Amino acid sequence: MEQSRKGWFGEFGGRFAPETLMGPLIELERAYDEAKVDSVFIQELQYLLKNFVGRETPLTFASRLTEHLGGARIYLKREDLTHTGAHKINNAVGQILLARRMKKKRIIAETGAGQHGVATATVAARFGLECVVYMGKVDMERQAPNVQRMKLLGAKVVAVESGTQTLKDAVSEAMRDWVTNVGNSYYLLGSALGPHPYPSMVRDFQKVIGEEARAQILLAEKRLPDELVACVGGGSNSIGLFHPFLSDFLVRMTGVEAGGRSSVPGEHAARFDGGSIGVLQGTQTYILQDASGQIQNTHSISAGLDYAAVGPEHAWLRDQKRAQYVNVRDPEALDAFHLLAKLEGIIPALESSHAIAYAVKRARDMTKDQILLVNLSGRGDKDLNTVLEADEGKKHG
Ligand SMILES: *Cc1c(COP(=O)(O)O)cnc(C)c1O
């Protein structure tokens with residue numbers, strides 16, 4: 001399953017950007033095309049993934065969860081055990097090496113929940129580069145500990161007060177900064193989104209998840225899993241898991257979006273359920289918009305899944321029927337959060353809890369000799385306040 005035109009996945013993707021960014025995007029594409037086949041670049045990336053990020057991450061057999069459900073054998077790919085606690089660091093490490101290679105001195109990033117901001121501030125500190133992170137004012141209040149982390153790491157966090165003061169607005173501000181400072185600045189985008197080459201490049205840096213998982217399950221079970229499961233925000237942890245299995249046609253793939261509170265517009269982030277094709281922030285894909293093309297508000301209990309557009313490669317995989325997409329509501333994700341903590345001794349990120357929630361439903365319909373491989377994209381320490389508040393609400397509500 002190859003891309004037909006560079007930067008396009010069928011009718012999805014492309015490079016929709018203002019004239020002033022076309023040059024920089026082409027420069028970035030060239031630099032990346034050179035770097036990815038350069039053995040020095042590859043070796044340095046591998047060194048950092050091993051010695052800084054902490055790869056490879058384990059593939060854990062969830063024995064008590066499996067027993068509890070009485071169906072398929074469930075394995076967890078442990079991205080929660082990476083440095084900074086989520087898969088985002090895989091991409092941040094790759095792009096910081098590219099930025100250095102391009103002799104850029106200043107790193108720009110956007111962040112919603114703050115996980116990508118923390119990963120970027122971390123690698124910028126590691127390489128001694130200046131770092132500016134754009135974050136919606138509302139998100140800064142919701143994710144105060146991550147704001148503190150970024151500051152400790154030496155990054156400047158800029159509060160974005162336009163629009164809904166969340167991720168979409170932070171992306172716009174980051175792009176505006178890049179247009180203005182393109183000579184010395186590198187825009188380190190956090191998911192498999194945006195104009196070409198970002199969706200392909202971010203996927204390449206996240207493919208390590210699926211490559212490791214494929215080898216690990218073959219070692220543990222002497223065969224491939226029956227189904228892969230991952231949550232889908234912008235789509236980077238899921239495409240990273242899925243991609244190395246794309247030509248294993250017997251392996252089913254399921255992406256899990258945030259179903260939020262309900263299917264009413266504004267109360268979820270299920271782009272494949274309530275969305276339609278359009279262009280947002282550089283790429284053509286499924287987006288949540290109204291009849292006149294205005295971007296709709298989104299909601300999810302997990303900030304990392306709370307975005308109006310989905311990565312273009314997922315839109316294509318869905319069109320090709322190579323992957324299927326479902327959504328899980330806030331309360332189901334919360335239940336899965338508690339279940340995994342109690343049964344496996346692992347506190348998952350609320351984003352990852354969406355994937356767990358689907359797996360819980362799905363495993364019961366599968367037989368005991370089948371295998372479900374779930375990506376645990378991050379750890380849940382950042383979500384403790386949200387979960388405790390939601391639990392309180394349930395008690396009193
Ligand atoms: C950011 C984030 C996500 C969602 O982003 P993707 O690009 O879809 O992977 C999922 N899980 C965690 C833990 C995150 O931090």
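This one's a predicted model, so the numbers in the text were calculated from it and none came from an experiment. Below, each value reflects all heavy atoms present in this structure, side chains not excepted, and no hydrogens, waters or symmetry copies.
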Inter-residue atom distance L373.CG - N375.CG, 0.5 Å rounding: 8.0 Å
Residue pair H268 / D273, side-chain donor-acceptor N/O under 3.5 Å: no
Check: N90/Q206 side-chain N/O donor and acceptor closer than 3.5 Å: yes
CG-CZ distance between L48 and F127, expressed to the nearest 0.5 angstrom: 4.5 Å
Electrostatic pair K394-D335, nearest N-O below 4.0 angstrom: yes
Backbone N/O of Q165 and side chain of D169: donor-acceptor pair under 3.5 Å: yes
Backbone N/O of G260 and side chain of E267: donor-acceptor pair under 3.5 Å: no
Cation-pi check, R318 onto Y286 ring (under 6.0 Å, within 45° of axis): yes
Atom pair CG/CG of L167 and D306 - distance to nearest 0.5 Å: 8.0 Å
Any donor-acceptor pair under 3.5 Å from S352 side chain to S377 backbone: yes
H314 and S238: side chain donor to acceptor below 3.5 Å: yes
E27 and R30 ion-paired at < 4.0 Å: no
Aromatic ring pairing F9/W316, orientation class (parallel under 30°, perpendicular over 60°, tilted between): tilted
N/O donor-acceptor pair under 3.5 Å between H116 side chain and G304 backbone: no
Pair K137 + E161: basic N to acidic O under 4.0 Å: no
Nearest-0.5 Å distance that lies between atom CG in L340 and atom CD1 in I347: 9.5 Å
SB check K382 E351 (cutoff 4.0 Å): yes
Ion pair R55/E79, N-O distance below 4.0 Å: yes
Mutual orientation of the aromatic rings belonging to F205 and Y32 [parallel < 30°, tilted 30-60°, perpendicular > 60°]: perpendicular
Distance, nearest 0.5 Å, that separates CD of E221 from CZ of R73: 4.5 Å
Donor-acceptor contact present, side-chain T285 to main-chain V310, <3.5 Å: yes
N-O pairing of R101 and E44 below 4.0 Å: no
Pairing of K207 and D204 as salt bridge, 4.0 angstrom limit: yes
Any donor-acceptor pair under 3.5 Å from Q216 side chain to T57 backbone: yes
Exam field: side chain S263 to backbone G259, donor-acceptor pair closer than 3.5 Å: no
K50 atom NZ: more than 12 heavy-atom contacts under 6.0 Å: no
Residue pair E332 / Y358, side-chain donor-acceptor N/O under 3.5 Å: no
Whether Q95 side chain and L189 backbone form a donor-acceptor pair below 3.5 Å: yes
Aromatic plane relationship, F61 with Y75 - under 30° parallel, 30 to 60° tilted, over 60° perpendicular: tilted
Main-chain N/O of H196 paired to R15 side chain as donor or acceptor, under 3.5 Å: yes
CG (L250) with more than 12 external heavy atoms under 6.0 Å: no
Value rounded to 0.5 Å, distance of OG in S236 from CD1 in I209: 7.0 Å
Ring centres under 6.0 angstrom apart (Y187, Y134): no
Donor-acceptor pair, side chain of D139 and main chain of G136, under 3.5 angstrom: no
